[in-house]
Amino acid sequence: MGSADVSPLWYWLVFFAYIAFLIGVGVNAYKKQKSIGNAEEEHNDYWITGRSQPAYMVGMSVASGWMLIGMITWMTWATYDLGVSGLWVVAIPWFFSNIWQFLMARPLRRIKAISQCQMLEKRFGLPARILSAPINIFSYTIWSAAELYAASLIMAPALHISIEAMIIIYAIPIAMYMWMGGFRSVINANIVQFFMGTIILVVTTIAIFMTAHGIAVAQGTTVWGMLHAQPIINSLAYPVDAAKDSTSFFAYVSLSFPLIVMLGLVPGWAGAEDFWLKAQAARSTREARLGGFYSICFNTVIIVLPASIIGIMGLVVFPPEMKDGVLSAASALGDKGGYNLISTYINSYMPPLLKGLLIFLLSAHTMSTVANYSNITAMNLSYDVLQPLIYKKRNWSDAKIVKYSRLVTVFMIVVNILLAILYNSPVMGATLNDAYFLSSGLLTAGISVMIYVLWWKRATLLGVMLGGLFGTIGTFTFFILEYKVWKSVYYTPIWDWVFGAGAMANSYLGYCVVGLFCGVAGVLIGTYASPPPSKEQLAAVSDTPIDNNEEFFSGMNV
């Protein structure tokens, strides 16, 4: 992303000012935690802020964490390539996953546990906690490292430094403020980062709409008229009706693709631990549910609609071109097409000062996602694996546990740095890119099949363990077969018989559905092959939400 018309000095000054702000957030959180005077309460504040968050903090923080560059550019690409029907690729399933999260706010607060992994232990036993943690760690580490890399790609040219150096410079302040305040630092910084993301998307949406409108008027027509005459690009060969145009809401030849998206992606996104943790951190169930409602509103109005509109308007501003007889993305967008739409538009149409501001906001805001997911992976490693297996068994004091919890957080940032640098390597980049897309499937097949049966009274430890194992192995195995062996050309029994040959293969998400099927099969087989759970296990899920913090924290450690 070029920015030769904006002085690098401007970027450095603003960037250092922002770093100073983040360090200030960390210092304030650290002071608050140290003023508690009780190491156990300090530990609880580090991971969940003592369950004290109001609804607006929950909603803004969740939305800020979901403003991933990768997800936003995925949405713009989808509507650029597939027109209005591209909403089915990301925007619509994302919207439904937000509704699902809102509905989960009340049930998840019926369990005296901080993390999803601890919830599984409370209901089923320690093995379930230990199995689920690595799956979460893998998925969220890949995401956060990819976002760190993506932000560095944007900011490194502006500061005139290498991508590797930018990755490290980005990560250091994140490590510092997270080491000091943990989850409290993350959620406080999220509020500012939420407004950063909002400015980027709203300003760019309004600007590109005005540009598209001006182009349409100059041609004596309307934006909708130009879209109605625009064939669908469909660069990935999704099964679409060639007779449809970019104004078609449903251009697919059958229901197969939308159904696959709903099955393969929505359960995993709805089960994202980022929301579960923040809903559990709310000061009451009412605030958690209200925060979930705010999240739906913020995500829909500030992320989903603007990003999708940018992609649709891009069809007018950067009209597709015929290349070797195939309709393709405009040459101005480069080889990644619609994925480059936001950055290309900002570079091509924004005045220098506004462009400079948006570039900075776009890159700095990414710290929100990196911090959110790094916090989750640190919690899964320290709280869910090391604490039950090492800290508690060695009878460490609460003060020592807090110290090591902070160190593990820094360790996970270092892991992100190393992965992000590898992501820039031409040798390892493709492997990490595969893992980035694989993570969504793993959250659906490996994690969601475990966590959603928390409230099924017949579910057993064996069922949950087999569900997690079968789902994870099935996802990995079919991903390799689908992308590396069969090259997305295969026949799926039953599904292709119902929807037509290649219906699953043409979705490029077959591994998600197969993994989910394997996970559900594992849960059912293991559950009915083992005796019903005891009353003590069922008692881990309360009949009503637990809003009394004294009761919650005292029961959490039992």
Side-chain angles (χ1 to χ4, degrees), residues 1-5 69-91 150 153-154 157-158 200-238 240-249 251-252 304-352 354-355 358-359 362 433 508:
M1 190 178 201
S3 36
D5 48 355
I69 289 180
M71 294 290 282
I72 290 171
T73 54
W74 191 7
M75 270 188 275
T76 60
W77 163 81
T79 50
Y80 181 82
D81 260 33
L82 292 161
V84 176
S85 62
L87 293 171
W88 289 99
V89 178
V90 192
L153 280 177
I154 295 172
I200 297 163
L201 287 170
V202 171
V203 169
T204 304
T205 301
I206 294 173
I208 197 170
F209 176 80
M210 293 176 65
T211 302
H213 177 70
I215 292 172
V217 170
Q219 296 185 19
T221 183
T222 64
V223 168
W224 192 251
M226 294 184 72
L227 292 174
H228 193 66
Q230 174 63 57
I232 295 174
I233 299 174
N234 192 28
S235 65
L236 279 184
Y238 284 126
V240 296
D241 185 345
K244 302 290 185 180
D245 57 51
S246 293
T247 62
S248 303
F249 178 66
Y252 306 104
V304 173
L305 289 178
S308 299
I309 290 171
I310 289 170
I312 295 172
M313 294 301 105
L315 288 166
V316 176
V317 179
F318 300 103
E321 306 167 1
M322 294 296 295
K323 300 175 184 177
D324 300 323
V326 178
L327 188 64
S328 306
S331 299
L333 298 179
D335 58 358
K336 291 192 176 182
Y339 283 103
N340 288 334
L341 185 53
I342 293 178
S343 58
T344 301
Y345 179 77
I346 291 174
N347 255 331
S348 304
Y349 286 90
M350 296 292 189
L354 182 57
K355 181 172 87 170
L358 292 178
I359 290 173
L362 187 64
N433 191 51
Y508 304 97

Once you round to the nearest 0.5 Å, how far does CD1 of Ile200 lie from CD1 of Ile72? 7.0 Å
Spell out, as yes or no, whether a donor-acceptor pair under 3.5 Å connects the side chain of Ser85 to the backbone of Leu82. yes
Work out which heavy atom in Val89 is nearest to a heavy atom in Ala78; give both atom names and the distance. CB-CB, 3.8 Å
Report yes if some heavy atom in the side chain of Ile310 is under 4.5 Å from a heavy atom in the side chain of Phe209; otherwise report no. no
Side chain to side chain, Asn340 and Ser343, heavy atoms closer than 4.5 Å: yes
Closest approach of Thr76 to Ala307 (non-hydrogen atoms, all atoms of both residues): CG2-O, 3.0 Å
Run the side-chain contact (heavy atoms from CB on, under 4.5 Å) test on Leu358 and Thr204 for me, step by step, so that the C-alpha distance in whole Å, both residues' side-chain angles and the decisive distance to 0.1 Å come before the verdict. CA-CA 9 Å; Leu358 292 178; Thr204 304; 4.2 Å; yes
Could you check Glu321, Lys323, Met322 and say which one makes a side chain to side chain contact (heavy atoms under 4.5 Å, CB included) with Ser328? Lys323
For the student: nearest non-hydrogen atoms of Lys355 and Ile346, plus distance: CD-O, 3.4 Å
Closest heavy-atom pair and its distance - Met75, Ser308: SD-OG, 4.2 Å
Give the ring-plane orientation class for Tyr252 versus Tyr238, where under 30° counts as parallel, over 60° as perpendicular and anything between as tilted. perpendicular
May I have all residue pairs that pass side chain to side chain donor-acceptor pair (under 3.5 Å) and include part of residues 207-225, sequence neighbours excluded? Thr211-Tyr345
Ala207 to Met350 - nearest heavy-atom pair and separation: CB-CE, 3.6 Å
Please examine the side chains of Asp241 and Lys244, heavy atoms only from C-beta on, and report whether any two atoms are closer than 4.5 Å. yes
Nearest 0.5 Å please: distance from the CZ atom of Phe318 over to the OG atom of Ser331. 12.0 Å
Ignoring hydrogens, what is the shortest heavy-atom contact between Ser246 and Leu315? Give both atom names and the distance. OG-CD1, 3.8 Å
Would you sort out whether Trp88 and Phe249 count as a side-chain contact (heavy atoms from CB on, under 4.5 Å), showing the intermediate values? CA-CA 9 Å; Trp88 289 99; Phe249 178 66; 3.5 Å; yes
Nearest 0.5 Å, what's the OG1-CE distance between Thr79 and Met313? 9.0 Å
Test side-chain contact (heavy atoms from CB on, under 4.5 Å) on Leu333 and Tyr80 and set out the steps. CA-CA 11 Å; Leu333 298 179; Tyr80 181 82; 3.6 Å; yes
Please test Asp245 against Gln230 for side-chain contact (heavy atoms from CB on, under 4.5 Å), starting from the C-alpha separation and ending with a verdict. CA-CA 6 Å; Asp245 57 51; Gln230 174 63 57; 5.9 Å; no
Can you tell if the side chain of Leu227 reaches within under 4.5 Å of the side chain of Val316, non-hydrogen atoms only? yes
